[in-house]
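Reading through the structure tokens given below for one structure.
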Amino acid sequence: MTWKLQAITGEFTGQEISIAHDMLVGRHQDADILLQSADISRRHAALLLKEQQLWVQDLNSSNGTFINDMRVEQETALHDGDILQFASFMFSVLAAPIEKELPEIELEPVSSNTHDIGMPSLADRSMETPINRDGMPQQVGIPKPAPIPEGVDVQAEQQQPTAIEEPVSRVQQEIEQQKNASVGLISIVVLIILAVIAWLFFK
């Protein structure tokens with residue numbers, strides 16, 4: 001599936017953006033889709049590709065991310081024809097299936113002489129080779145395999161593949177930072193509540 005965003009408002013109207021990997025949307029210079037406007041947050045939203053499906057996640061932006069006029073509260077899948085809006089910037093979601101070209105197969109003509117391929121005719125076989133009723137040769141010797149040279153270790157150890165860690169994308173880092181900030185804020189609020197309760201208790 002090939003995903004694209006087509007701008008329908010602003011200075012980018014008519015332009016198409018191809019989504020080939022996870023992309024960051026915002027007005028920060030590191031953003032993959034750079035939208036220079038005061039109503040766009042520095043790190044506004046993330047576009048995520050998962051198994052050929054496009055998802056959008058708002059990164060706690062000030063003016064929000066919307067799909068068909070509905071504000072995005074959590075990671076949401078996008079579909080062909082959706083209207084995706086980052087604050088005042090609106091885009092149309094375009095999805096097109098990937099067309100695969102089938103290779104051309106050339107068929108070779110079948111020879112009319114059936115003795116050119118397959119089993120040879122009885123006349124071509126050696127008269128000394130005994131043949132059963134089905135026309136198959138009998139008592140044919142099977143060649144022995146070649147001897148293994150000295151010094152060659154047949155029981156070679158197989159090397160274990162080494163795992164390669166996949167690099168963490170910038171979008172994933174932003175999401176993790178948002179989660180850590182939320183956990184830290186909740187911890188501070190809990191500590192303040194405990195301090196107030198302790199103060200009231202010992203007052």
Side-chain angles (χ1 to χ4, degrees), residues 1-104 158-193:
M1 188 76 73
T2 302
W3 293 93
K4 292 183 179 180
L5 296 182
Q6 184 179 42
I8 54 179
T9 60
E11 57 182 321
F12 303 108
T13 301
Q15 294 185 18
E16 291 185 355
I17 302 171
S18 296
I19 311 299
H21 54 83
D22 294 354
M23 302 181 80
L24 184 66
V25 181
R27 59 182 174 87
H28 193 274
Q29 293 298 324
D30 292 339
D32 299 295
I33 300 177
L34 185 61
L35 302 176
Q36 295 285 10
S37 178
D39 57 356
I40 296 292
S41 299
R42 289 167 60 82
R43 290 175 173 83
H44 196 98
L47 294 170
L48 309 171
L49 272 178
K50 298 180 182 180
E51 298 179 355
Q52 301 298 319
Q53 176 63 49
L54 182 61
W55 300 71
V56 64
Q57 180 176 359
D58 185 77
L59 300 178
N60 296 328
S61 63
S62 301
N63 295 308
T65 303
F66 302 84
I67 300 175
N68 302 326
D69 295 329
M70 298 290 291
R71 184 157 189 160
V72 174
E73 300 294 341
Q74 58 187 2
E75 192 175 299
T76 307
L78 292 167
H79 301 91
D80 187 35
D82 284 347
I83 301 299
L84 179 60
Q85 184 175 351
F86 307 109
S88 60
F89 289 85
M90 299 177 69
F91 296 85
S92 177
V93 179
L94 306 175
I98 299 175
E99 296 181 359
K100 294 183 179 180
E101 296 183 0
L102 297 176
E104 295 182 1
Q158 295 183 353
Q159 295 182 352
Q160 296 293 331
T162 56
I164 300 175
E165 297 183 359
E166 295 184 1
V168 180
S169 68
R170 190 165 60 248
V171 173
Q172 292 296 331
Q173 291 176 354
E174 289 298 327
I175 294 172
E176 288 298 325
Q177 289 180 4
Q178 293 288 343
K179 290 181 180 177
N180 293 337
S182 301
V183 171
L185 183 61
I186 292 172
S187 300
I188 292 172
V189 172
V190 170
L191 288 175
I192 293 173
I193 293 173

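The shown structure was predicted, so the numbers you read here are calculated from the model rather than taken from an experiment.
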Applying salt bridge (Lys or Arg N to Asp or Glu O under 4.0 Å) to Glu16 and not counting sequence neighbours gives Lys4
Sequence neighbours excluded, the answer for salt bridge (Lys or Arg N to Asp or Glu O under 4.0 Å) partners of Arg27 is none
With sequence neighbours left out, the residues meeting side chain to side chain contact (heavy atoms under 4.5 Å, CB included) with Ile188 are Ile192
dist Leu78:CG -> Leu94:CG (nearest 0.5 Å) comes out at 11.5 Å
query = So do the side chains of Leu47 and Leu84 get within less than 4.5 Å of each other, counting heavy atoms only?
reply = yes
Step-by-step side chain to side chain contact (heavy atoms under 4.5 Å, CB included) determination, Ile17 to Phe91:
CA-CA 10 Å; Ile17 302 171; Phe91 296 85; 4.1 Å; yes
Salt bridge (Lys or Arg N to Asp or Glu O under 4.0 Å) filter on Asp32, not counting sequence neighbours, yields Arg170
- Query: Donor-acceptor pair, Ser187 side chain versus Leu185 backbone, under 3.5 Å?
  - Reply: no
Here the gap from Leu49 atom CG to His21 atom NE2, rounded to the nearest 0.5 Å, amounts to 9.0 Å
The side chain to side chain contact (heavy atoms under 4.5 Å, CB included) partners of Val190 (sequence neighbours excluded) come to Ile186, Leu194
For His28, the side-chain hydrogen bond (donor to acceptor under 3.5 Å, both in side chains) test, sequence neighbours excluded, returns Arg42
Worksheet entry | side chain to side chain contact (heavy atoms under 4.5 Å, CB included) between Leu54 and Leu48, intermediate numbers included | CA-CA 6 Å; Leu54 182 61; Leu48 309 171; over 6 Å; no
Residues 50-75 vs salt bridge (charged side-chain N to carboxylate O under 4.0 Å, His left out), sequence neighbours excluded, gives Lys50-Glu75
Sorted by chain and residue number, the side-chain hydrogen bond (donor to acceptor under 3.5 Å, both in side chains) partners of Ser41 (sequence neighbours excluded) come out as none
Sequence neighbours excluded, the answer for side chain to side chain contact (heavy atoms under 4.5 Å, CB included) partners of Ile83 is Ile8, Asn68, Met90, Ser92
Sorted by chain and number, sequence neighbours left out, side-chain hydrogen bond (donor to acceptor under 3.5 Å, both in side chains) with Ser88 holds for Asp39
Sorted by chain and residue number, the side-chain hydrogen bond (donor to acceptor under 3.5 Å, both in side chains) partners of Asn63 (sequence neighbours excluded) come out as none
Between Leu59 and Leu24, is any pair of side-chain heavy atoms under 4.5 Å apart?
yes
Tightest non-hydrogen contact, residues Met23 and Ser18, listed as SD-O, 4.0 Å
With sequence neighbours left out, the residues meeting side chain to side chain contact (heavy atoms under 4.5 Å, CB included) with Gln53 are Trp3, Trp55, Ala77
Going by heavy atoms in the side chains, are Gln57 and Val72 under 4.5 Å from each other? no
The single option from Leu5, Ile67, Asp80 that satisfies side-chain contact (heavy atoms from CB on, under 4.5 Å) with Val93 is Leu5
